[in-house]
Amino acid sequence: MNKDDHGQGPAIILLHGFPFNRSMWREQLVFLNSNGYRVIAPDLRGLGDNGSDANVAAMPEMARDVAQLMDELKIEKAVICGLSMGCYVAFELIHLFPSRVRALVLCGPRAQGPDEAEKASREAQAQRVLAEGMDFAVESISTKLLAQHTLNKKPDVITRVTEMVLNTDPRGAAAAQRGMAVRRDYSGDLENISVPTLIIAGRDDGVRTPEDADFIQRGIKGSQLAVIDDAGHLMNMEQAEKFNHVLIGFLNELDH
Ligand code: MLT
């Protein structure tokens, strides 16, 4: 499993979204290292530099990969921070391996499972990406993924996101779509989550609604919600400084 692993101190594991890779956490890696954290950012199954011929990359399998990586790195327990698809993996990880999770950070999360329309749409996307490659997926960057503020003012972020999408292996993307299409409904898991939890939402997220974040906050007792202005679905890249500030505030509370 390809990964970044830098720094020393309490471990935080960053789980990327779809169809992206570990490079989306660049600003968090540097920032958290300089604040005394060991940061591990893997490429999830079939994505980033990880090749895979699997037809379906299921969320529990991705979570098992992360637990195995923790074993290899001799990390007993870590803060798990996921973004979007990374949150599905985080939900599976805390469900399967509760003792390995010290705290959760859920960025742009959704708890509900897929309905029939979502399943059909994901299968259609999987087939399209296998037939045509990733090019068509670039459109979603301007229609859904990024805030208008980012589209107007941050060409470097647009370039990075475009490159991540285009560099994704179509087979990995199709497998992850199919994995997300068969994911569980995590709504019932929420009341069992007892670790400190921070939810981070982009105010202009075109993929998630404010209700998605509110639902999770109501479900996880004691959880906190931070909403970042001028940010969309990729809030950690779009507003890295604000995001890092919110994140370190939460982490400092854990460590003091
Ligand atoms: C992501 O950013 O990981 C995706 O939007 C997840 C999804 O399609 O549900």
Side-chain angles (χ1 to χ4, degrees), residues 13-25 28 41-48 50 56-63 66 80-93 105-129 134 136-147 150 157-158 160-170 172-187 199-202 204-213 215-216 228 231-238 243:
I13 301 181
L14 307 175
L15 305 177
H16 63 77
F18 170 89
F20 312 119
N21 61 58
R22 70 188 198 271
S23 75
M24 65 170 281
W25 298 113
Q28 284 69 49
D43 281 334
L44 294 169
R45 194 173 269 237
L47 298 167
N50 292 330
V56 181
M59 301 300 108
E61 294 314 313
M62 289 192 185
V66 176
I80 304 293
C81 170
L83 185 138
S84 201
M85 185 184 77
C87 296
Y88 303 147
V89 179
F91 283 134
E92 290 292 354
L93 192 67
V105 182
L106 302 170
C107 311
R110 180 170 165 78
Q112 289 91 339
D115 58 16
E116 289 311 311
E118 183 183 328
K119 286 183 193 169
S121 151
R122 289 197 188 275
E123 180 54 30
Q125 303 259 350
Q127 289 182 21
R128 186 165 178 198
V129 82
M134 292 303 294
F136 77 92
V138 166
E139 194 192 317
S140 68
I141 295 172
S142 55
T143 56
K144 288 203 293 199
L145 288 171
L146 299 180
T150 309
V157 173
I158 302 174
R160 273 177 68 199
V161 176
T162 306
E163 282 172 1
M164 276 198 296
V165 172
L166 291 178
N167 287 335
T168 298
D169 183 330
Q177 277 289 16
R178 289 176 170 143
M180 289 189 281
V182 295
R183 74 183 188 276
R184 288 191 300 118
D185 186 333
Y186 303 115
S187 309
I199 301 147
I200 308 181
D204 305 323
D205 192 334
V207 178
R208 298 285 178 253
T209 63
E211 291 75 36
D212 289 327
F215 180 80
I216 294 174
I228 300 192
H233 195 50
L234 295 176
M235 73 289 288
N236 68 308
M237 297 177 72
E238 300 181 67
F243 180 94

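From a predicted model like this one, the values you see are computed outputs, not experimental measurements. Start at 1 and go down the list; that is how both ligands and their atoms are numbered. Positions are given from 1 along the sequence.
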Set of residues satisfying side-chain hydrogen bond (donor to acceptor under 3.5 Å, both in side chains) with respect to R183, sequence neighbours excluded:
E118
May I ask you to decide if [Y]'s main-chain N or O and [X]'s side chain share a donor-acceptor pair within less than 3.5 Å?
X    : Y    : value
D43  : R22  : yes
H16  : W25  : no
Q125 : Q177 : no
T162 : I158 : yes

Just going by heavy-atom distances, which of F20, F18, Y88 is nearest to atom 9 (O) of ligand 1?
Y88
Of the listed options M24, R122, M85, closest to atom 7 (C) of ligand 1 (non-hydrogen atoms)
R122
Heavy-atom contacts with G17 under 4.0 Å: which atoms of ligand 1 show up? List them by number with element.
3 (O)
Taking only non-hydrogen atoms of V207 and a 4.0 Å limit, the atoms of ligand 1 in range are 5 (O)
Note the single closest protein heavy atom to atom 2 (O) of ligand 1, along with its residue, its atom name and the distance in Å.
H233 NE2, 2.8 Å
Just need the protein heavy atom nearest to atom 6 (C) of ligand 1, so name the residue and atom and give the distance.
S84 OG, 3.1 Å
Looking at residues at least two apart in the chain, or sitting in another chain, which of them share a ring-ring contact (aromatic ring centres under 6.0 Å, His included) with F20?
none
Close approach, R208 and ligand 1, non-hydrogen under 4.0 angstrom
yes
Any heavy atom of Q125 under 4.0 Å from ligand 1? The part involved is neither
What do we get for R110 next to ligand 1 when only non-hydrogen atoms under 4.0 Å count, side chain, backbone, both or neither?
neither
